[in-house]
Enquirer: 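The structure's right below; bear with me while I get my questions together.
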Amino acid sequence: MAAERILVLDTWFPWIGLVAAAVLLVLLSMDSLRADLRIPRWRDLSWLSWAGVAAYLIHNVEEYGFDFHGQAYAFPKAFCGMFGYAALYPQCPVPGEVFTAVNIPMFWLAAPLGAWMSRRYRFMGLAIYSVIVVNLAAHVGRALVSGGQYNPGLLTAILIFLPLAGWTLIGTGALAKRELAAVVGIGVMVHAILIFGMLLLITGVVREPGVVVVLQSLNAGVLILATFAAEKMGLRQR
């Protein structure tokens, strides 16, 4: 049996992201990331957009750094295990660079870009919450189906994603019903593309991982374009 192959960036990116999250948390404690100083930061959607980026970078550590049980690179192992693979690539047809291609473009580029643009395009700042909401549902749903069994990412999903997304999307009262529906719809679409790419490799339809790396990288662009389109559609009308 061939030895498992994990590239350096595949295991280092969550820790690099954690450093970025620490910087964001410092900035969030100041006024640098606030769009409107006249209102509390917890009601400032631009500030909350950056908080969402920091939250996901922290979440990545539980999935790709060390999980609650201290297992390293736990989410890819759990994902491959769902399809009956006891080891990572090359036994599992999804290599580490595909998981990395999901996360770096999405949470190092697209999500910060959306947060940065949120001062002018309000809905783009909610791009990160599209991913957070569906990711939260996936972690909790899997736990419920498995009888309450832990899965990598569940802890931060419940402790960070649930209260933060609940407050931002519902508690602030800032979003119209159409906007809420769009947030969820965009998140479902992005996750559908993500899973589709993984299944191309799992089923053997595509055998070259580079194809799926490109697909997953472009998915980050889909997130930004979809939220920009939603902004232009005037979903704020109730």
Side-chain angles (χ1 to χ4, degrees), residues 9-68 75 99-136 139 152-172 174-175 183 186-187 190-191 194 216-217 219-221 223-224 226-228 231:
L9 185 59
D10 298 338
T11 55
W12 273 95
F13 86 83
W15 303 109
I16 299 171
L18 183 61
V19 173
V23 173
L24 282 176
L25 290 175
V26 172
L27 293 174
L28 286 165
S29 70
M30 301 184 288
D31 294 334
S32 306
L33 303 179
R34 296 174 65 181
D36 190 348
L37 298 180
R38 297 170 299 177
I39 61 175
R41 67 188 72 224
W42 284 100
R43 291 192 174 277
D44 186 330
L45 287 184
S46 186
W47 186 91
L48 288 165
S49 298
W50 285 109
V53 176
Y56 214 103
L57 293 175
I58 294 170
H59 176 69
N60 267 345
V61 174
E62 188 187 358
E63 289 187 324
Y64 297 94
F66 289 103
D67 72 356
F68 179 70
F75 181 81
F99 293 100
T100 304
V102 169
N103 288 279
I104 289 182
M106 190 76 72
F107 307 116
W108 289 18
L109 299 175
L113 176 61
W116 180 66
M117 295 290 289
S118 65
R119 296 192 180 205
R120 181 175 181 184
Y121 299 106
R122 174 177 176 269
F123 195 79
M124 290 185 70
L126 299 174
I128 185 62
Y129 288 97
S130 292
V131 183
I132 283 177
V133 166
V134 179
N135 187 274
L136 169 63
H139 281 294
L154 178 65
L155 187 64
T156 47
I158 293 175
L159 295 182
I160 301 178
F161 284 177
L162 182 59
L164 182 59
W167 171 255
T168 301
L169 301 178
I170 300 174
T172 61
L175 302 182
V183 167
I186 292 171
V190 168
H191 276 80
L194 187 161
Q216 302 293 15
S217 299
N219 198 21
L223 176 65
I224 286 298
T227 51
F228 179 74
E231 174 78 29

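The figures that follow rest on heavy atoms only: side chains count, while hydrogens, waters and symmetry mates do not.
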Enquirer: Any idea which heavy atoms bring I224 and G114 closest together, and the distance?
Expert: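 So the minimum-distance heavy-atom pair works out to CD1-N, 3.9 Å.
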Enquirer: Where is the tightest heavy-atom contact between L25 and A54, given as atom of each residue plus distance?
Expert: CD2-CB, 4.3 Å
Enquirer: Could you tell me whether the side chain of R41 and the main chain of M30 form a donor-acceptor pair under 3.5 Å?
Expert: yes
Enquirer: Please verify the inter-ring angle class for H59 with F161; under 30° counts as parallel, over 60° as perpendicular, anything in between as tilted.
Expert: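 Correct class here is tilted.
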Enquirer: Rounded to the nearest 0.5 Å, how far does CG of L113 lie from CD1 of I128?
Expert: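 Separation between the atoms: 12.0 Å.
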Enquirer: Pick one: which of N103, L57, V53 meets side-chain contact (heavy atoms from CB on, under 4.5 Å) with W108?
Expert: L57
Enquirer: Determine whether the aromatic ring centres of residues W47 and W42 are separated by less than 6.0 angstrom.
Expert: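 Ring centres of W47 and W42 closer than 6.0 Å.
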Enquirer: Look at atom CH2 of W12 and say whether more than 12 heavy atoms of other residues, nucleotides or ligands are closer to it than 6.0 Å.
Expert: no
Enquirer: Considering non-hydrogen atoms only, spot the tightest contact between L175 and L45 and give its length.
Expert: CD2-CD1, 4.1 Å
Enquirer: Quick one: does any side-chain atom of S29 pair with a main-chain N or O of V26 as donor and acceptor, under 3.5 Å?
Expert: yes
Enquirer: Mark yes or no for whether D44, through its side chain, and D36, through its backbone, hold a donor-acceptor pair below 3.5 Å.
Expert: yes
Enquirer: A side-chain contact here means heavy atoms from C-beta on lying under 4.5 Å apart; do P112 and W50 qualify?
Expert: yes
Enquirer: Please check this pair: side chain of S118 against backbone of G125, looking for a donor-acceptor N/O pair closer than 3.5 Å.
Expert: no
Enquirer: Do L194 and N219 make a side-chain contact, defined as non-hydrogen atoms from C-beta onward lying under 4.5 Å apart?
Expert: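 L194 vs N219: side chains touch.
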Enquirer: Could you tell me if the side chain of L169 sits less than 4.5 Å from the side chain of L126, heavy atoms only?
Expert: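 A side-chain contact under 4.5 Å exists here.
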Enquirer: Between Y56 and F107, what is the ring plane arrangement, given parallel below 30°, perpendicular above 60°, and tilted in between?
Expert: parallel
Enquirer: Tell me the closest heavy-atom pair linking A51 and L28, and the distance in Å.
Expert: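 Where A51 meets L28 most closely, the heavy atoms are CA-CD1, 3.8 Å.
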Enquirer: Evaluate side chain to side chain contact (heavy atoms under 4.5 Å, CB included) for L9 paired with I104, printing each intermediate quantity in order.
Expert: CA-CA 10 Å; L9 185 59; I104 289 182; 3.8 Å; yes
Enquirer: Which heavy-atom pair separates E62 from L154 by the least distance, and what is that distance?
Expert: OE2-N, 3.6 Å
Enquirer: Please report the interatomic distance CZ(F66) to OG1(T11), rounded to the nearest 0.5 Å.
Expert: 9.5 Å
Enquirer: Using the rule given for side chain to side chain contact (heavy atoms under 4.5 Å, CB included), can you reason through I132 versus I160, listing the C-alpha separation, both sets of side-chain angles and the distance that settles it, and then say yes or no?
Expert: CA-CA 10 Å; I132 283 177; I160 301 178; over 6 Å; no
Enquirer: Rounded to the nearest 0.5 Å, how far does CZ of F75 lie from CG of N60?
Expert: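 Answer rounded to 0.5 Å: 10.0 Å.
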Enquirer: Quick one: does Y121's side chain get under 4.5 Å of T227's, heavy atoms only?
Expert: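 The answer is no; the side chains never approach within 4.5 Å.
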Enquirer: Roughly how far, to the nearest 0.5 Å, is OG1 of T156 from CD of E63?
Expert: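 If we round to the nearest 0.5 Å, E63:CD and T156:OG1 are 6.5 Å apart.
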Enquirer: Run the numbers on Y129 and L164 for side chain to side chain contact (heavy atoms under 4.5 Å, CB included), then give the verdict.
Expert: CA-CA 9 Å; Y129 288 97; L164 182 59; 3.5 Å; yes
Enquirer: Output yes when a side-chain donor or acceptor of R43 lies under 3.5 Å from a complementary backbone atom of T172, and no otherwise.
Expert: yes
Enquirer: Would you say E231's side chain and R122's backbone share a donor-acceptor pair under 3.5 angstrom?
Expert: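 Yes, because the side chain of E231 sits within donor-acceptor range (under 3.5 Å) of the backbone of R122.
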Enquirer: State, to 0.1 Å, how close P105 and T100 come at their nearest heavy-atom pair, and which atoms those are.
Expert: CD-O, 3.8 Å
Enquirer: For F99 and D10: C-alpha separation, side-chain torsions, deciding distance, then whether side chain to side chain contact (heavy atoms under 4.5 Å, CB included) applies.
Expert: CA-CA 8 Å; F99 293 100; D10 298 338; over 6 Å; no
